[in-house]
Amino acid sequence: MSMIAAFYSGKSILITGATGFMGKVLMEKLLRTSPDLKVVYILVRPKAGQTLQQRVFQILNSKLFEKVKEFCPNVHEKIRAVSADLNQNDFAISKEDLQELLSCTNIVFHCAATVRFDDNLRHAVQLNVTATQQLLLMASQMPKLEAFIHISTAFANCNLKHIDEVIYPCSVEPKKIIDSMEWLDDAIIDEITPKLIGDRPNTYTYTKALGEMVVQQESENLNIAIVRPSIVGATWQEPFPGWVDNLNGPSGLIIAAGKGFLRSIRATPMAVADLIPVDTVVNLTLAVGWYTAVHRPKSTLIYHCTSGNLNPCNWGKMGLQVLATFEKVPFERAFRRPYADFTTNNFTTHYWNAVSHRAPAIIYDFYLRLTGRKPRMTKLMNRLLRTISMLEYFINRSWEWSTYNTEMLMSELSPEDQRVFNFDVRQLNWLEYIENYVLGVKKYLLKEDMAGIPEARQHLRRLRNIHYLFNTALFLIVWRLLIARSQMARNVWFFIVSFCYKFLSYFRASSTLKA
Ligand SMILES: CCCCCCCCCCCCCCCCCCCCCC(=O)SCCNC(=O)CCNC(=O)[C@H](O)C(C)(C)COP(=O)(O)OP(=O)(O)OC[C@H]1O[C@@H](n2cnc3c(N)ncnc32)[C@H](O)[C@@H]1OP(=O)(O)O
Ligand SMILES: NC(=O)C1=CN([C@@H]2O[C@H](COP(=O)(O)OP(=O)(O)OC[C@H]3O[C@@H](n4cnc5c(N)ncnc54)[C@H](OP(=O)(O)O)[C@@H]3O)[C@@H](O)[C@H]2O)C=CC1
């Protein structure tokens, strides 16, 4: 019997960010392994014209929840969606709901965050810092609370090369930042943002670091732990391999490369690709919840959920495997044939951006215009290049994260728990994982049918022929122009033609003699 699964039975669990990538997998695993848990409260906001109930219904009817529904058909009865907006004061939760949450919750998993790299500081502080502070305040009023697990990111301190399992202070106290957001206007905030984030690349990593400081300040009153995952990718094993439902991290780039939009990227092939499957993060998070509640460590423990020091893979190897998988399972209706070139300097990056990205987009838009359609490729390409410029920081550096606490926790688990809540990334076979990841992107993100593979192959063959035809025509045009203008080009041309003629004459003569 799994001790962790047994621990969650009968418990009331509060999850923020349950509609997000990680939150969904967390909820699924909890319900699948501990079907006897009392209730899962999820804080959800109405969004995109959908009510709370519609959002929950959609999640529970998705492919991700198929397995859990097999042996727990009444899974929806275990979930209690509470209307809440983490951007609002007191999260805009109704009095009755708040009362229930405060009096019943045993464990809190705080996953909600804005993960956008381009968010303005005000919004990023509101969600990643102020909301964390408010949730901690709520938690301190929960008499039955056993553990509060905060999900941070391994990149909160990405301005350092070696990162230990400690909370590093930021230069300005989070309380001062929160206060200043109340009275500073947007223009001033934009002006001071680069100074505040310092050598971090974006407001996301900065506000996640501030969020950790807030957690630390409350750690005397509460039983808290922090989980810091690195780049979270598709599922490795559970509930099935390759599940993914958003474009964050590598998923968007896999699509862009598979559809032939992205053919070159400024990335360091030898840099460590610290990817971690989402089910591994969830298993560790649930194990941390159990350990924190049962063992009540004296200080706030931080757990790095990373792969680089235990089972490293680099971007070069990952890129090659992604390409190899495109050969087996091509994506449908590609713009160009998938190809990957990793460049490491500014000049080649600009060159390939012009030649491989912008020029084909302009030519395609010209073709769309000629055929009476609306041009769209240049706009799409500009957005893609902007996205890539924001990810470049992370694919041209390597970090080292110490993992003593994570390894300690692994050794504390029973053999059964090590199996059911496996977070030992040493067992991960990268080539197999990446192949399943690409397949998952095709199936669950692009919603492409495997039956369409022969047609996709046929389409790629057509693209190859167009490519050859285009290159030959381009070569002939350039050559013709050169011959017309340069004596030297004419001489080279006559030399090549006479050489070919002599070679053919010799070949014909020798075959006549043999006959
Ligand atoms: C050469 C060949 C290569 C071959 C092989 C290739 C595979 C192997 C190599 C793999 C290298 C992996 C590197 C990962 C590094 C991750 C580091 C994370 C570290 C921190 C981890 C964390 O602790 S935290 C979670 C991470 N947090 C994000 O990862 C959010 C990012 N994101 C945004 O901050 C917003 O997304 C942003 C971008 C502002 C746009 O914002 P935006 O306003 O333009 O609007 P949207 O977000 O709605 O997206 C609008 C359009 O961008 C497209 N798109 C969105 N994301 C995309 C994406 N990742 N890749 C592509 N395309 C993406 C989308 O397809 C839309 O396209 P469309 O226009 O057609 O709709
Ligand atoms: N994905 C990754 O690569 C990594 C993620 N992390 C951390 O993991 C956690 C989860 O990330 P992930 O699942 O990928 O992120 P997602 O963007 O997929 O999910 C974010 C969640 O937060 C919720 N949320 C955002 N704003 C509000 C709001 N105002 N009120 C209520 N809920 C809100 C979203 O709800 P809604 O659906 O309504 O928008 C969603 O459920 C985050 O703390 C992130 O920092 C750490 C390392 C890497």
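Remember, it's 1-based here, ligands and their atoms both numbered in the order they're listed. Hydrogens, waters and symmetry mates play no part in the numbers below; they use all other heavy atoms, side chains included.
Between Thr153 and ligand 2, not a single N/O pair is under 3.5 Å apart. For ligand 2, none of its N or O atoms has an N or O atom of Gly23 under 3.5 Å away. Any N or O atom pair closer than 3.5 Å counts here, and Val232 shares at least one such pair with ligand 2. Annotation: Pro229 places no N or O atom under 3.5 Å from an N or O atom of ligand 2; distance criterion only. Considering backbone and side-chain N/O atoms, Ser230 never comes within less than 3.5 Å of an N/O atom of ligand 2. Residue contacts with ligand 2: Met22 is placed with a nitrogen or oxygen under 3.5 Å of a nitrogen or oxygen of the ligand (distance criterion only). Among the atoms of Gly20, some N or O lies under 3.5 angstrom from an N or O of ligand 2. Below 3.5 Å of separation, one finds an N or O of Tyr204 facing an N or O of ligand 2. The distance criterion of under 3.5 Å between nitrogen or oxygen atoms is met by Phe21 with respect to ligand 2.
With Asn396 contributing its side chain and Arg266 its backbone, the two residues share a donor-acceptor pair below 3.5 Å. The backbone N or O of Gly308 lies less than 3.5 Å from a partner atom in the side chain of Asp274, making a donor-acceptor pair. Asn106 contributes a side-chain N or O that, together with a main-chain N or O of Ser12, makes up a donor-acceptor pair within less than 3.5 Å. With hydrogens and angles disregarded, a donor-acceptor distance shorter than 3.5 Å links the side chain of Gln126 to the backbone of Leu86. At distances below 3.5 Å, not a single donor-acceptor pair connects side-chain atoms of Asp85 with backbone N or O atoms of Arg45. In terms of modelled atom types and a separation under 3.5 Å, the side chain of Trp430 and the main chain of Asn311 share a donor-acceptor contact.
Residue-level proximity to ligand 2 for Arg228 is absent, since no heavy atom of it falls below 4.0 angstrom. At a heavy-atom cutoff of 4.0 Å, ligand 2 is contacted by the side chain of Val115 but not by its backbone. The proximity of Asn246 to ligand 2, defined as any non-hydrogen pair under 4.0 Å, is limited to the side chain.
Contact annotation: Cys111 has at least one heavy atom less than 4.0 Å from an atom of ligand 2. Taking 4.0 Å as the cut-off, Thr114 does not count as a neighbour of ligand 2 on heavy-atom distance. In this structure, Leu43 falls outside the shell of residues with a heavy atom less than 4.0 angstrom from ligand 2. Distances shorter than 4.0 angstrom occur between a heavy atom of Arg55 and an atom of ligand 2.
Those atoms of ligand 2 with a heavy atom of Thr19 less than 4.0 angstrom away are 34 (C), 35 (O), 36 (P), 37 (O), 38 (O), 40 (C), 41 (O). If you number the atoms of ligand 2 from 1 as listed, the ones under 4.0 Å from a heavy atom of Ala113 come out as 20 (C), 22 (O), 25 (C), 42 (C), 43 (O), 45 (O). Of all the atoms in ligand 2, the ones that sit under 4.0 Å from a non-hydrogen atom of Lys208 are 42 (C), 43 (O), 44 (C), 45 (O). If you number the atoms of ligand 2 from 1 as listed, the ones under 4.0 Å from a heavy atom of Ala112 come out as 22 (O), 23 (C). Set against the non-hydrogen atoms of Ile151, the atoms of ligand 2 under 4.0 Å away are 7 (C), 8 (O), 9 (C), 43 (O).
Residue nearest to atom 29 (N) of ligand 2, selected from Leu26, Asp85, Asp245: Asp85 (by heavy-atom distance). In this comparison of Arg116, Arg45, Gln88, Lys47, the heavy atom closest to atom 33 (C) of ligand 2 sits on Arg45. Residue nearest to atom 46 (C) of ligand 2, selected from Ser152, Ala156, Ala18: Ser152 (by heavy-atom distance).
Here the two rings, on Tyr393 and Phe155, have centers that are 6.0 Å apart or farther. Ring centroid separation for the pair Trp315 and Phe394 does not come in under the 6.0 Å cut-off.
By the 6.0 Å contact criterion, OH on Tyr404 is open, its count of non-hydrogen atoms from other residues, nucleotides or ligands being 12 or less.
Contacts of Asn422 classified as side-chain hydrogen bond (donor to acceptor under 3.5 Å, both in side chains), with partners at least two apart in sequence or in another chain: Gln427. Evaluation of the salt bridge (Lys or Arg N to Asp or Glu O under 4.0 Å) rule for Lys29 yields Glu238 as partners, not counting sequence neighbours.
Inspection of the Thr285 and Tyr303 side chains reveals no N or O donor paired with an N or O acceptor under 3.5 Å.
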Pair Phe21, Trp243 - check ring-ring contact (aromatic ring centres under 6.0 Å, His included), show working. CA-CA 10 Å; Phe21 179 45; Trp243 181 83; 5.8 Å; yes
Take Thr114 and Asp119 through the test side-chain hydrogen bond (donor to acceptor under 3.5 Å, both in side chains) and record every step on the way to the result. CA-CA 8 Å; Thr114 168; Asp119 233 344; 2.6 Å; yes
